[in-house]
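Quick notes on the structure that follows.
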Amino acid sequence: MRAVTVRPGAKDSVEVGEVPDPVPADGDLLVDALAVGVCGTDKEIARGEYGTAPPGGERLVLGHESLGRVRQAPPGSGFSAGDLVAGVVRRPDPEPCGACARGEFDMCRNGRYTERGIKELDGYGSEAWRVEADYAVKLEPHLDRVGVLMEPTTVVAKAWEQVERVGARSWFEPQRVLVTGAGPIGLLATLLGIQRGLEVHVLDRVTEGPKPGLVRDLGATYHAKDVEQVISAVCPDIVIEATGANEPVLASLTGTAPYGVVCLTGVSPSGRRATVDAGAVNREIVLQNDAVVGSVNANLRHYRQAADALAEADPAWLERVITRRVPLERAAEAFREQPDDVKVVIEF
């Protein structure tokens, strides 16, 4: 069968080639691929920046944003042929740390976890794949065109869970949210904020293209002004930071209402420098009882939360979040240089 593979550490080594057909072990689902999404992580692996092939192998099958249809399921697994599913990315380490042992493998403490399509496990970027039934999550049938957004939705589902857990240290009834960045992560974070009944504001740089309309169609408010000006006007109780850019990150730290929560989801490239009044930042966070938390990856609980969120969303709106679709034979096009807020999907 065909698959999208890369030689980890080798720049521009992505290719579509033949790999062995999957052989399900006991308890595995056999799944026919429908699509995989391509994100910044995949592009970084394609550039040779990181990624690890399975032990003893030279190439890694890419694809951690999965969507497929079950071909074969073991009895009693809770799945049936024809079910729409996504596969979980991360697996706990073989001798689990305390977090992994409790199912919180997204919070692994020793770094010995593995990840499909990223670290030591082949991904879902093949015409068929197998996945343990315990690491598959069912999606509603009407999401067959857009369920590939499941994995990025898990990232923001976890972010929202983290915000709510931090807020629960005391009375917490937030009203206003600022999402910085209107790429796929920012848009999905906005969706989950609207589903919570909150007043959501979204900040991005562009004034044209699909982003303003996507935000407005959710019932949120779009801003393309200076970040300091927007934060001052909105005075958000919550900030979901999805850019990783210096200015919105730093402005978020000191721009919330008292007892605010900032969740950082954007990953900043190294080497970016900024002059910061560290004393003022510290004073603001301490005296206002603010909290800042970083969030990445997801566990099974977040996948189920994401499946519920997507089931409630308008599929036509979700379809518009996907910028471009390419067939498997042209998969290499999905990894070419382009902004990370462009959502490209490879279809099988």
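Residue numbers start at 1 and run along the sequence shown. Please read all numbers here as calculations on a predicted model, not as lab measurements.
Side-chain contact between Pro94 and Arg112 is present, with heavy atoms from C-beta onward closer than 4.5 Å. A 4.5 Å side-chain heavy-atom check between Thr265 and Val156 finds every atom pair outside the cut-off. Contact of the Val146 side chain with the Trp317 side chain is not registered, since no non-hydrogen atoms from C-beta on lie closer than 4.5 Å.
Looking at Asp83, its side chain never comes within 3.5 Å of a backbone N or O of Val70 through a donor-acceptor pair. The main-chain N or O of Val88 is found under 3.5 Å from a side-chain atom of Tyr124 such that the two form a donor-acceptor pair. In this structure, Ser66 contributes its side chain and Gly87 its backbone to a donor-acceptor pair below 3.5 Å. Under a 3.5 Å cut-off, the side chain of Arg109 and the backbone N or O of Ala99 do not form any donor-acceptor pair. In this structure, Asn282 contributes its side chain and Gly279 its backbone to no donor-acceptor pair below 3.5 Å. Looking only at distances, a side-chain donor or acceptor of Thr323 sits under 3.5 Å from a matching main-chain atom of Lys343. Remark: side-chain polar atoms of Gln162 are not paired, donor with acceptor, to backbone N or O of Cys263 under 3.5 angstrom. Glu127 places a side-chain N or O within donor-acceptor distance of the main-chain N or O of Arg2, the cut-off being under 3.5 Å. A donor-acceptor contact shorter than 3.5 Å is absent between the side chain of Lys138 and the backbone of Ala86. Checked by atom type and distance alone, the side chain of Arg69 pairs as donor or acceptor with a backbone atom of Gly82 at under 3.5 Å.
For the salt bridge (Lys or Arg N to Asp or Glu O under 4.0 Å) condition, no pair includes a residue of residues 280-291, sequence neighbours left out. Within the structure, the side-chain hydrogen bond (donor to acceptor under 3.5 Å, both in side chains) test picks out the following pairs touching residues 303-313 (sequence neighbours left out): Glu161-Gln305. Sorted by first then second residue, the side-chain hydrogen bond (donor to acceptor under 3.5 Å, both in side chains) pairs that include residues 17-30, not counting sequence neighbours, are Asp28-Arg130. Evaluation of the ring pair (Phe, Tyr, Trp, His ring centres under 6.0 Å) test over residues 167-193, restricted to residues two or more places apart or in two chains, returns Phe172-Tyr259. Within the structure, side-chain hydrogen bond (donor to acceptor under 3.5 Å, both in side chains) contacts touching residues 209-219 (residues at least two apart or in different chains) are Asp204-Lys211, Lys211-Asp341, Asp217-Arg320. Legend: side-chain hydrogen bond (donor to acceptor under 3.5 Å, both in side chains) pairs involving residues 96-108, not counting sequence neighbours, sorted by first then second residue: Glu104-Asn299, Glu104-Arg301, Asp106-Lys158, Asp106-Asn299. Here ring pair (Phe, Tyr, Trp, His ring centres under 6.0 Å) pairs that include residues 49-91, with residues two or more places apart or in two chains, number zero.
In terms of heavy-atom proximity, Leu60 sits nearest to Pro54 at CD1-CD, 4.1 Å. Scanning all heavy atoms of the two residues, the minimum distance from Ala331 to Val326 falls at CA-CG2, 4.5 Å. Smallest separation of non-hydrogen atoms from Thr254 and Val281: CG2-CA, 3.8 Å. For the pair Glu208 and Pro212, the tightest heavy-atom approach, listed with the atom from each and the gap, is O-CD, 4.0 Å. Looking at every heavy atom in both residues, Tyr222 comes nearest to Val206 through OH-O, 2.6 Å.
When the side-chain hydrogen bond (donor to acceptor under 3.5 Å, both in side chains) test is applied to Glu164, the partners found at least two apart in sequence or on another chain are Arg196. Remark: Asp32 pairs with Arg71 by the salt bridge (charged side-chain N to carboxylate O under 4.0 Å, His left out) rule, at least two apart or across chains. Partners of Asp93 according to the salt bridge (charged side-chain N to carboxylate O under 4.0 Å, His left out) rule, which considers only residues two or more places apart in sequence or in another chain, do not exist here. When the ring pair (Phe, Tyr, Trp, His ring centres under 6.0 Å) test is applied to His201, the partners found at least two apart in sequence or on another chain are His223.
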Evaluate the salt bridge (Lys or Arg N to Asp or Glu O under 4.0 Å) criterion for residues Glu199 and Arg176: first the C-alpha distance (whole Å), next the side-chain angles of each, then the deciding distance (0.1 Å), finally the verdict.
CA-CA 5 Å; Glu199 176 189 323; Arg176 295 175 304 282; 5.2 Å; no
Evaluate Val38 against Leu62 for side chain to side chain contact (heavy atoms under 4.5 Å, CB included), listing each step before the verdict.
CA-CA 9 Å; Val38 176; Leu62 286 167; over 6 Å; no
Show your working on salt bridge (Lys or Arg N to Asp or Glu O under 4.0 Å) between Arg116 and Glu151 and close with a plain yes or no.
CA-CA 12 Å; Arg116 297 286 299 257; Glu151 193 276 340; over 6 Å; no
Test Leu121 against Tyr113 for side chain to side chain contact (heavy atoms under 4.5 Å, CB included), laying out the working first.
CA-CA 10 Å; Leu121 293 176; Tyr113 60 83; over 6 Å; no
Should Arg90 and Ile118 be marked as a side chain to side chain contact (heavy atoms under 4.5 Å, CB included) after you check the CA-CA gap, both sets of side-chain angles, and the distance that decides it?
CA-CA 9 Å; Arg90 184 171 287 193; Ile118 302 173; over 6 Å; no
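Each of Arg330, Arg324, Arg145 was evaluated against Glu347; a single residue qualifies, Arg145, per the salt bridge (charged side-chain N to carboxylate O under 4.0 Å, His left out) test. For the side-chain contact (heavy atoms from CB on, under 4.5 Å) with Ile240, the qualifying choice from Thr180, Val163, Leu264 is Val163, the only one to do so.
Put simply, Leu250 and Leu178 are part of the same group of oily side chains (I, L, V, M, F, W, Y) that touch within less than 4.5 Å, one to the next.
Checking Arg7 against Ser13 by side-chain atom types alone, no donor-acceptor pair falls below 3.5 Å. Judged purely by distance below 3.5 Å, without hydrogens or angles, the side chains of Glu241 and Thr243 pair a donor atom with an acceptor atom.
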Taking only distance into account, with no hydrogens and no angle test, what donor-acceptor pairs under 3.5 Å do side-chain atoms of residues 184-193 form with protein atoms, sequence neighbours excluded?
{"residue": "Thr190", "atom": "OG1", "partner": "Gly186", "partner atom": "O", "Å": "2.8"}

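Heavy-atom neighbours of Arg205 CZ from other residues, nucleotides or ligands within 6.0 Å: at or below the threshold of 12. The neighbour count for Glu329 CD, taken as heavy atoms of other residues, nucleotides or ligands under 6.0 Å away, is above 12.
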